Amino acid sequence: MSRSRQPPLVTGISPNEGIPWTKVTIRGENLGTGPTDLIGLTICGHNCLLTAEWMSASKIVCRVGQAKNDKGDIIVTTKSGGRGTSTVSFKLLKPEKIGILDQSAVWVDEMNYYDMRTDRNKGIPPLSLRPANPLGIEIEKSKFSQKDLEMLFHGMSADFTSENFSAAWYLIENHSNTSFEQLKMAVANLKRQANKKSEGSLAYVKGGLSTFFEAQDALSAIHQKLEADGTEKVEGSMTQKLENVLNRASNTADTLFQEVLGRKDKADSTRNALNVLQRFKFLFNLPLNIERNIQKGDYDVVINDYEKAKSLFGKTEVQVFKKYYAEVETRIEALRELLLDKLLETPSTLHDQKRYIRYLSDLHTPGDPAWQCIGAQHKWILQLMHSCKEGYVKDLKANPGLHSPMLDLDNDTRPSVLGHLSQTASLKRGSSFQSGRDDTWRYKTPHRVAFVEKLTKLVLSQLPNFWKLWISYVNGSLFSETAEKSGQIERSKNVRQRQNDFKKMIQEVMHSLVKLARGALLPLSIRDGEAKQYGGWEVKCELSGQWLAHAIQTVRLTHESLTALEIPNDLLQTIQDLILDLRVRCVMVTLQHTAEEIKRLAEKEDWIVDNEGLTSLPCQFEQCIVCSLQSLKGVLECKPGEASVFQQPKTQEEVCQLSINIMQVFIYCLEQLSTKPDADIDTTHLSVDVSSPDLFGSVHEDFSLTSEQRLLIVLSNCCFLERHTFLNIAEHFEKHNFQGIEKITQVSMASLKELDQRLFENYIELKADPIVGSLEPGIYAGYFDWKDCLPPTGVRNYLKEALVNIIAVHAEVFTVSKELVPRVLSKVVEAVSEELSRLMQCVSSFSRNGALQARLEICALRDTVAVYLTPESKSSFKQALEALPQLSSGADKKLLEELLNKFKSSMHLQLTCFQAASSTMMKT
């Protein structure tokens, strides 16, 4: 929409600078068609429309207001032209202080110039105020800037009425160019002014003395005239007559206007009553207003009105006021009861509790509502804790199977270590693996663990507000300022008396928390008398180590949260004791559970041997223990303020015994595997390790193992356990700060060595006895006689058969473990040499051919197994040779050597296995 006229344009202003309220004339074009057309005028951003006076379309007169900007445009706004523009600007100057007698074009606030130091309500006349020029000489303003003077005279003032008046500043600012002679005149003026002040009120009396005399003469003339009138006439004085006339007039007027005046008095009385009602309507309406505000919940308004009424009418003697004030007190008492009921209601927020306590404090409620609230909150927290326990116990009895934490493998609440290891082993061996179970183990938390979580959350949600309420009670922030001032001394006494009571409350909450947690997690740690109150779970199975670790983490977080509230440590010691007992129990349960898992390791033995003669069993055993210890890492770690799990000697002994039991359980598993009948061996899961050579030859064809082969595999595992696994486990125990590691290692090693020796002796008995038993029948086969025999033509078959049997033993051992070969063969050789020595010593006499034959066979056997000879076997061979006659001729020796070479050459292939490196270590 286009406007009918051009926008206003300001082209000039006179003057173009000045102080606030300076009158200016604005000139320009299109400044409006009349006063009503002018709707806006701003100078330096200040609205000057109220002082504007429209003169014509090119002229407006107004006064400049107090603007924030020092310099700005003049903007005129009209209905016809809209908002205008300006080609000029106005500069706003700071106003200078104007003296009382100085001329000014604007109004000056004279109150700022009174001498407040000398004004003591003495009625000093205005002319006695100090002049703007106290020196009485011409003022010449200096050119020094105000900022420089302020910096030079910091904290001082050039105003002679100021307490910080600086004469030097005043002279520099007003008389910097004044001559010395004029300054002398100024000193004389100051002396004259001082002398005038010393004269005081007497000077005013002297100046108005003629006025006093004229007033005295007038009063005397009036007095003389009245006396003359009284003495000349008998009727009495003029004043007496006047009095009589006035009395008669008054009586007549009363007679005439008695009815009117009566009505007037009645109206005045009614008017006065209405005035009283109007004047004191606050009190008369207060009972109804209190009820309305209580219904709306405006308790602050009620309290303010009550305080006001109490200060105005609390001690009144007027009966009407007493009656209404008593109604007010009745309603306030009802309000006190209402607020106290709301305060003691549970649950309630800390904000509402503080608000109600302040209201009751402002209403001067008798007793100690804040302490009553603390007591009610304490009972509420205890009630919540026990109700929580009853709810979970009831739910457990109604649904006993939903959360039961079974300890067996299939129902364990975590993936089994054995299951994980079997997966890993199967995957390593290239077989297709499918998990035996899905994620059904991730079921709900056990009731007791869920209860402890809920219990701690409940305490952490209620106790901080309870503690903060006590802190507010102690420091007085619960109460209003008026109530705090009036009851500070009494409240400080209450605080000292209540400290022990509150400490007992916190201790009761902590003890209830700990005992309820013990009843759920450690039922054997509570006394029989408290079992019904804090226990009652009636569960037969114990929580697993993982759930105990989870509960420990929950209790630890609770302790940290309570510590953050700055609750004293002595009140939280029971929680620390609970954490320690839970940690100890978790370690015990985990070790027991580990022993149960290790007991089932025998079922997982797949009898697949790697290149080192080991099955996966030792690795599974070590990893099972490592996983168990890893699950205890957080439990064994000591948080700030916690003690070590192993600080008690009894705990150390129990943990040491459990650790030993774990090792011995595994040793027992090895013994079971070694002695298990062939029919009990499950070979359906056996598979060939393609990365290893053909270990058993034809054994793989029917996937069966003999008892001797199982003995060898177990012996190989025992050797590896002794040299590596048990030492690694000891390092893991030490890493987790277990105590008695030396005892664990010693007992375990002793049991392992005992089993190893027993199994080794069984294997040697199985292998050496048939060989030893075949010697004597082989020697005397065909009715052979040492006394009457043919010349030797070579080693007889019985010895070759014995060597073949020894080679078979070598092959069987070698396929399982190369390291076991020297140990086994040396014992077999010992048994064979001992039997051969016995047989030679039993011969009564040898013929020449018989002695040569016997020496040939003994030397052939000795030289063949030379690498596996032990001091015992060497001694046996020596004794056997000593039982033979010595060779007498060189021809016999040559024949013996030729026959030996012929034997070694003919059986070179069979005897290759005995040509082991001489550096092979033999274990006896």
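For the numbers below, each heavy atom of this structure counts, side chains included, while hydrogens, waters and symmetry mates do not. As the structure is a prediction and not an experimental result, all values here were calculated from the model.
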**Asked** Side chains of Arg585 and Met588: closer than 4.5 Å at any heavy-atom pair?
**Response** yes

**Request:** Side-chain contact test, heavy atoms from C-beta onward, threshold under 4.5 Å: evaluate it for Ile729 versus Met663 and give yes or no.
**Result:** yes

**Request:** Using the side-chain contact (heavy atoms from CB on, under 4.5 Å) rule, take Leu861 and Leu836 through it: C-alpha gap first, then chi angles, then the decisive distance, then the call.
**Result:** CA-CA 10 Å; Leu861 178 61; Leu836 193 59; 3.8 Å; yes

**Asked** Does some side-chain heavy atom of Arg823 sit less than 4.5 Å from a side-chain heavy atom of Cys719?
**Response** yes

**Message:** Taking the side chain as everything from C-beta on, heavy atoms only, tell me whether Leu775 gets closer than 4.5 Å to Val832.
**Reply:** yes

**Asked** Does the side chain of Lys599 come within less than 4.5 Å of Thr594's, by heavy atoms?
**Response** no

**Message:** I'd like to check the side-chain contact (heavy atoms from CB on, under 4.5 Å) partners of Lys454; sequence neighbours left out, ordered by chain and number.
**Reply:** Cys388, Tyr392

**Prompt:** Are a donor atom and an acceptor atom from the side chains of Asn805 and Glu801 found within less than 3.5 Å of each other?
**Reply:** no

**Message:** For the CG atom of Leu799 and the OG1 atom of Thr864, what is their distance to the nearest 0.5 Å?
**Reply:** 7.5 Å

**Residues, nucleotides or ligands: over 12 heavy atoms within 6.0 Å of Phe738 CZ** = yes

**Prompt:** Any chance OH of Tyr668 has more than 12 other-residue heavy atoms, nucleotides or ligands included, within less than 6.0 Å?
**Reply:** no

**Message:** Working note: Ser659 + Leu591, criterion side-chain contact (heavy atoms from CB on, under 4.5 Å); need CA distance, chi angles, decisive distance, verdict.
**Reply:** CA-CA 7 Å; Ser659 302; Leu591 293 179; 4.2 Å; yes

**Asked** Does a side-chain N-to-carboxylate-O contact under 4.0 Å join Glu830 and Lys874?
**Response** no

**Nearest-0.5 Å distance that lies between atom CZ in Arg862 and atom OG in Ser876** = 12.5 Å

**Message:** Counting C-beta onward and ignoring hydrogens, is there a side-chain heavy-atom pair between Gln553 and Leu557 closer than 4.5 Å?
**Reply:** yes

**Request:** Write down the atom of Ala595, the atom of Val665, and the distance for their closest heavy-atom approach.
**Result:** O-CG1, 3.7 Å

**Request:** Could you check Arg583 against Ile579 for side-chain contact (heavy atoms from CB on, under 4.5 Å), going step by step and ending with a plain yes or no?
**Result:** CA-CA 6 Å; Arg583 291 167 64 203; Ile579 293 174; 3.7 Å; yes

**Message:** Nearest 0.5 Å, please: how far is SG in Cys656 from CG in Asn661?
**Reply:** 11.0 Å

**Asked** Could you go step by step and tell me if Gln746 and Met749 meet the side-chain contact (heavy atoms from CB on, under 4.5 Å) rule?
**Response** CA-CA 5 Å; Gln746 289 175 0; Met749 286 291 190; 5.9 Å; no

**Message:** I'd like to know whether CD of Gln841 has more than 12 heavy-atom contacts from other residues, nucleotides or ligands below 6.0 angstrom.
**Reply:** yes

**Request:** To the nearest 0.5 Å, tell me how far Tyr868 OH sits from Ser833 OG.
**Result:** 15.5 Å

**Message:** Whether the side chain of Ser875 engages the backbone of Pro871 through a donor-acceptor N/O pair (distance < 3.5 Å, no angle test) should be reported.
**Reply:** no

**Request:** Any chance you could measure Gln630, atom CD, to Lys735, atom NZ, to the nearest 0.5 Å?
**Result:** 7.0 Å

**Request:** Give the ring-plane orientation class for Trp547 versus His550, where under 30° counts as parallel, over 60° as perpendicular and anything between as tilted.
**Result:** perpendicular

**Prompt:** With no hydrogens and no angle check, do the side chains of Thr870 and Ser873 hold a donor and an acceptor under 3.5 Å apart?
**Reply:** yes

**Request:** Identify the heavy atoms of Pro640 and Gln576 that sit nearest to each other, and give their distance.
**Result:** O-NE2, 4.0 Å

**Item:** Charged N-O contact under 4.0 Å between Glu872 and Lys827
**Value:** no

**Prompt:** If you measure from OG1 on Thr554 to CD on Glu453, what distance do you get to the nearest 0.5 Å?
**Reply:** 4.5 Å

**Message:** If you define the side chain from C-beta out and look only at heavy atoms, does anything of Ile598 sit under 4.5 Å from Ile625?
**Reply:** yes

**Message:** With a 4.5 Å cut-off on side-chain heavy atoms, are Arg723 and Glu819 touching?
**Reply:** yes

**Asked** Is any side-chain N of the basic residue among Arg838 and Glu835 closer than 4.0 Å to the acidic one's carboxylate O?
**Response** yes

